[in-house]
Asks: 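I'd like to ask you about the structure that follows.
Protein chains get the first letters and strands the later ones, always in sequence-line order, with residue 1 at the start of each.
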Amino acid sequence: MAELTYRAAVSRGIAQEMRRDPSVVFIGEDVAGAGGVFKTTAGLLEEFGPARVVDTPISEQAILGAAMGAAMTGLRPIAEIMFADFFAVCWDIVVNQLAKSRYMTDGQVDCPLVIRSGNGGAVRFGAQHSQSVENWAMAVPGIKIVAPSSALDVVGLMAAAVRDPDPVLFFEHKALLATKQDVPDGEIVDTLGTARTLREGGHCTIVALALMVPRALEAAERLAAEGIEATVIDVRSLMPLDTNTILTSVASTGRLFTVEENPRLCGWGAEIASIVADEVFWDLDGPIVRITTPHIPLPAAENLEDLAIPSVDRIVDEVRRAMT
Amino acid sequence: MAELTYRAAVSRGIAQEMRRDPSVVFIGEDVAGAGGVFKTTAGLLEEFGPARVVDTPISEQAILGAAMGAAMTGLRPIAEIMFADFFAVCWDIVVNQLAKSRYMTDGQVDCPLVIRSGNGGAVRFGAQHSQSVENWAMAVPGIKIVAPSSALDVVGLMAAAVRDPDPVLFFEHKALLATKQDVPDGEIVDTLGTARTLREGGHCTIVALALMVPRALEAAERLAAEGIEATVIDVRSLMPLDTNTILTSVASTGRLFTVEENPRLCGWGAEIASIVADEVFWDLDGPIVRITTPHIPLPAAENLEDLAIPSVDRIVDEVRRAMT
Amino acid sequence: MNAVASREAAYGQHPPVLPEPFDPNMDQAAIPEDVRLDMYRKQHEIRQLEKRLYDLFLQNLVKGTSHLAIGMEAIGAAFGAALRPDDYSFATYRGHGHTIARGVPPEPIIAEMLGRATGLLGGKGGSMHLTSVEHGMMGSYAIIGAHLCIANGAAWSAKLRNSGQVAVAFFGDGATNIGAFHEAVNYAAVYHLPTVFVCENNLYMEYTSIGQVTPVRNPAADRSPAYGLDATIVDGNDADAVYLAAVAAIDRARDDGGPSIIEAKTYRHGGHSRADPGTYRPDDEISAWMEHDPIPMYHQRLLRLGVGEAQLTEIETSVAAAIDAATEAAKAAPFPPAEALWTNVWADGGSQWRN
Amino acid sequence: MNAVASREAAYGQHPPVLPEPFDPNMDQAAIPEDVRLDMYRKQHEIRQLEKRLYDLFLQNLVKGTSHLAIGMEAIGAAFGAALRPDDYSFATYRGHGHTIARGVPPEPIIAEMLGRATGLLGGKGGSMHLTSVEHGMMGSYAIIGAHLCIANGAAWSAKLRNSGQVAVAFFGDGATNIGAFHEAVNYAAVYHLPTVFVCENNLYMEYTSIGQVTPVRNPAADRSPAYGLDATIVDGNDADAVYLAAVAAIDRARDDGGPSIIEAKTYRHGGHSRADPGTYRPDDEISAWMEHDPIPMYHQRLLRLGVGEAQLTEIETSVAAAIDAATEAAKAAPFPPAEALWTNVWADGGSQWRN
Ligand SMILES: Cc1ncc(C[n+]2csc(CCOP(=O)(O)OP(=O)(O)O)c2C)c(N)n1
Ligand SMILES: Cc1ncc(C[n+]2csc(CCOP(=O)(O)OP(=O)(O)O)c2C)c(N)n1
Ligand SMILES: [Mg+2]
Ligand SMILES: [Mg+2]
């Protein structure tokens, strides 16, 4: 048991899998010699050498294409897209190639790979380096998606992602990199497609992801002090989606709140809201409320960005308003 | 008044605007000499000449970049992305540049342009040439989105899109190109952000877009014969979204059905469902039901594709099942 | 290829590009007779298959779109003969020929075009995505550029696995203007990958002549200095010329000599796709290229080299018989069952996205 | 630039790249004294501004990231002097210098870095997106490649409007490996656009030496044949050399002579961004480039050309005073009001997405 940062958990998870399986290789921009611009991959080059840990040119399409072709032919690559915003320059490989090749070939093509990326805001990087794009991917059948909120989940879900036979997008939240957690020693392997209930409360269900998870938890504590007991669920995996955990909770609490960092429209919370409004409609005791970043690009100025992304205060206010 | 195909309506709408405003220019692959691979732009080169109607190399990023830079500096370009699936090779220009430049510069940058694209399936083109990607765009603040379902709307919304001072994505449905409609002579200018109620019925509200509109209408007629009277709304514009029309209707009928061609997750219908489940929750008399393509890539074989995309039969069945 | 300047008046930016005469020295090329006969057979297999697909389309049995390579058969045939069975091929939507050239039988190809359950892809992929991993045919890709990057991945994996395998990526002249082309060739050069980039320059990107939208005369070859690579330009309608270039590039790649670019000049006899009559092409350009047809030329060469007419006729007729049989079998096959809609999104065989 | 082979042993794939000596003939270049003094001032404006930004960052007043161009000032200064007021500049996230070089005053730049309401972008864009349309500074773009394509659009519009305007796009060595670079330069060549592509080759893409990930020695210049263009390579630390190349390329573009590529060799004194100490660079490479500093060199040249020390000191001190005043004003400015969050998503000034 040692205290681990979310940042260090990334390289621990990757190293765990690279030690286990020689077919795991890792490529990206400035990931080897420099250990990554977020220092999430420090030490991998030193341990696994330049054949398995590779610095690439600024060529995102070539990077993901190389990862895909290698995955089709016996390797299990991990590729880094430095900032999730950059998926826009290589989106074709993700949504048109990786996501569809198995189906189009009726199962002939395997793409066991992981694409890691620094996702999300609250770091004052401005509109082109702060987006939460997990819902871009959720709209496309054929790719799995995880977005861990803690160091422990980073290690375990990284292992699960690398071992999964399908392409997995692994979203690391930039604003969580410095957070710490006690993580057990030894091998850790988690399961994709499983949400985690972090807090039990009978009055309402709050569903959150990544950076929104600690904020939702803190909000729940404050709401409890006011007599509103919330269940808080960390979705963790958007594809596959653990609808059981969510539906069961909402069926018992009767109220659903989603806390989403993405700009509002077509966020993952919209999908969950629509599932709930269909499947447990008769259990609902009131409106479904989504707490999201407004539908605007993210501003750079600290005070403005803090107003944009759902804060603990805003979560508390919106839940209180809706529950009373 | 003359009968016009959806296909011919595209060039009519563009020509109407190019005659009115010399700053309107049009670029794309095989759009000039060949009149477009769908023949939607036939005759434009002949009327407006090679300076204003330009065939480009296969360089989608360069095409949209050129359109953006020209829009920033006094022109009103229309650019074609042949198949909407190809947005994935130039998505950066759309979501990170066009959508954000005005906000990031606090209003300094204007991008009055239109990007037209052949969207949707039911034409046996397979998974990489059949996607409905309007919801990819809906997830990104800063771009307007229209998807007409009729020849008349194509002309009027094209004019509105070209005259709009913001970037507009204009989705033309490939399976509607051959459909015909009587369209008045003379200038036609419609309004972005307005849905249209095509049928009034008191029992439920069916919201549809593009190819799903005629199918929803036919389904409504068949349901009427069974005693289920549906209001059918053509959303037409996803950004801005005419929530008034939708909320008012659902508040009175008490039931909402969305009919979406996109694979289910994070479709535009999910967003509408979440708005309805929040804002008119107390008016709902039953679950919100989304009728969508399953969350799979589209198969090429005719019989499989027909099973995938919502059909009139399926709409009738799902509404009947939910209403009785 | 010599642009006929005098025609500029008539054709503006778009003068006819006429083929060079076939190189007589190719008769003497040191290519074993069995290889030549194999390439002759493969060219016939490709052409007869594609002619059949066109007939089926006219009978409205082929839905959607399809892109034929009639006139371009020599390239696929030559690479089919030059590649090792475990090498990797990556093709575009114009990939029927490259698929059959790797040894895939015609029946599942025709069945796929007809949307049948027995199709190479169970009917789920269609004309633009022919793939047969067991034959090293790693896919046909319909969005321009991506597969060049993906081919690098197969080459990289072969290099790491020390398997000696090579990855070949076929693409068109028009594809050289897209960003992924630049990223892919550059990436292959940086890592010295065993990737062979083969440009099938048929002079047109869909309906637009390549010269109109490209600032260099040889869209692939003239880009090679940008990556520190040499390029080879060959007559893509002469199977022997393509074969020699293919063997050289494949051997180099196998010996860790890095990537190559080959630009093969060729021409499609028909339009870009089934929807296109190809009327934008000048008549004398079409007629000159029709005379520069790879198959009759190769037939003559084999006769010159002493192969008997009877043997060549036998090849031609046995291919015809095989295509006929394959067509009948494909037509008799059932359409995919409804359950097929739900299979093979994921490696577990299913399409479940929730519990 | 001469790669020092003997060092390969020590530095592996990453030998130090040392600067060529300044070209003594540049003293004789026919550049008016007022232009030279303007370039001297601009270089000081850029450096003193960026040093101030660095201090403010150390005081934790600048949030987020920032990319300084200290050591690279000559390029921005020379283009600032060579461009017509109505020409268009497109820069990267490393764009502070190019912004001030177009005449944007320092106060709104500093205020933007401090996230103030008086910032050039109202605090909404931040360090990586400096833009001042009224000064022809059409934006700083933080995702590599896009702005090269966008610059073509401004050039195309200028050409259609017969305005004689030129678009200049600045980018780094690392950017030459991305697809959008290929599409943009190719597109400009096809349409003969008045776009000037300026590669600021500072030898590194972030933390990786460009030689390690690029198959040609001159990442921009060696790509030019792929587009039928000639390229110019200049000492990017000699403002006069850059100025002469800039004027030549800009004049050509203005006279409908088409696009150009200029590769300017330079070096950043600091790391890639505020987070980076730049330790991956060999010491002798750093020290050699520190001695090849554009500003003292230019100071000496002006003295040789007879400009008085006093005049140069006056320029330096007046710039310092302006930066001080701007800093104080920026620090005193308010943070953006909450309402600013909701403005300027759309042309109507608002952010409404529904009725
Ligand atoms: C990214 C992308 N843009 C556009 C298209 C549409 N398209 C399909 S084939 C084609 C022409 C390709 O020309 P070329 O590369 O010469 O190949 P050919 O068809 O001649 O074999 C185009 C533009 C596409 N499939 N993908
Ligand atoms: C598409 C994309 N990929 C990666 C990055 C991350 N990134 C920012 S700057 C940089 C290095 C750029 O190097 P170069 O082009 O030489 O410019 P320099 O920073 O040296 O001025 C990288 C990789 C990015 N911003 N955009
Ligand atoms: Mg071609
Ligand atoms: Mg650099």
Asks: Counting heavy-atom pairs under 4.5 Å with chain D, which one of L307(A), I58(A), V37(A) comes out on top?
Replies: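 Answer, by heavy-atom pair count under 4.5 Å with chain D: I58(A).
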
Asks: Tell me whether R217(D) contacts the main-chain N or O of D222(D) through its side chain, where contact means a donor paired with an acceptor under 3.5 Å.
Replies: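 Between the backbone of D222(D) and the side chain of R217(D) there is no qualifying donor-acceptor contact (under 3.5 Å).
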
Asks: Looking only at heavy atoms and a cut-off of under 4.5 Å, which of S351(D), P336(D), G115(D), G123(D) has the most pairs with chain A?
Replies: P336(D)

Asks: Quick one: is the NZ or CZ of R116(D) closer than 6.0 Å to the six-membered ring centre of F335(D), and within 45° of its axis?
Replies: yes

Asks: Heavy-atom cut-off 4.5 Å, strictly under: side chain, backbone, both or neither for M205(D) against chain A?
Replies: both

Asks: Check whether A338(D) gets within reach of chain A through its side chain, its backbone, both or neither, counting any heavy atom under 4.5 Å.
Replies: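 Contact with chain A involves both backbone and side-chain atoms of A338(D).
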
Asks: Assess the residue pair R116(A) and T40(A) against the criterion (side chain to side chain contact (heavy atoms under 4.5 Å, CB included)); give the C-alpha distance rounded to whole Å, side-chain angles, the decisive distance to 0.1 Å, and a yes or no.
Replies: CA-CA 11 Å; R116(A) 304 170 38 241; T40(A) 41; 3.3 Å; yes

Asks: Could you tell me which of L114(D), T176(D), T65(D) has the largest number of non-hydrogen atom pairs under 4.5 Å with chain A?
Replies: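 Most heavy-atom pairs within the cutoff with chain A belong to T65(D).
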
Asks: Do you see a donor-acceptor pair shorter than 3.5 Å between the side chains of Q128(A) and Y141(D)?
Replies: no

Asks: Given heavy-atom pairs under 4.5 angstrom as the criterion, report whether the side chain, backbone, both or neither of N303(A) touches chain D.
Replies: side chain

Asks: Compute whether any side-chain donor of one residue and acceptor of the other, for S127(D) and H96(D), lie under 3.5 angstrom apart.
Replies: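 The criterion, which ignores hydrogens and geometry beyond distance, is satisfied for H96(D) and S127(D).
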
Asks: Sort T56(A) into side chain, backbone, both or neither according to what part of it lies under 4.5 angstrom from a heavy atom of chain D.
Replies: backbone

Asks: Using non-hydrogen atoms and a 4.5 Å limit, figure out which bit of A180(D) sits close to chain A: side chain, backbone, both or neither.
Replies: neither

Asks: Which atoms of V89(A) come close to chain D, meaning under 4.5 Å heavy atom to heavy atom: side chain ones, backbone ones, both, or neither?
Replies: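 V89(A) touches chain D through side-chain heavy atoms alone.
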
Asks: With respect to chain D, which residue among V123(A), L265(A), L298(A), D85(A) yields the maximal number of heavy-atom pairs within a distance under 4.5 Å?
Replies: L265(A)

Asks: Is there a donor-acceptor pair under 3.5 Å between the side chain of Y207(D) and the backbone N or O of D276(D)?
Replies: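 Side chain of Y207(D) to backbone of D276(D): no pair is present.
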
Asks: Below 4.5 Å, heavy-atom pairs only: which of G126(D), G174(D), A340(D) has the largest tally toward chain A?
Replies: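 Highest number of pairs under 4.5 Å: G174(D).
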
Asks: Between D317(A) and R320(A), does any NZ, NE, NH1 or NH2 come within less than 4.0 Å of an OD or OE carboxylate oxygen?
Replies: yes

Asks: Does E46(A) have more than 12 heavy atoms from other residues, nucleotides or ligands lying within 6.0 Å of its CD?
Replies: yes

Asks: For T214(D), which atoms come within 4.5 Å of any heavy atom of chain A: side chain, backbone, both, or neither?
Replies: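 No part of T214(D) comes within 4.5 Å of chain A.
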
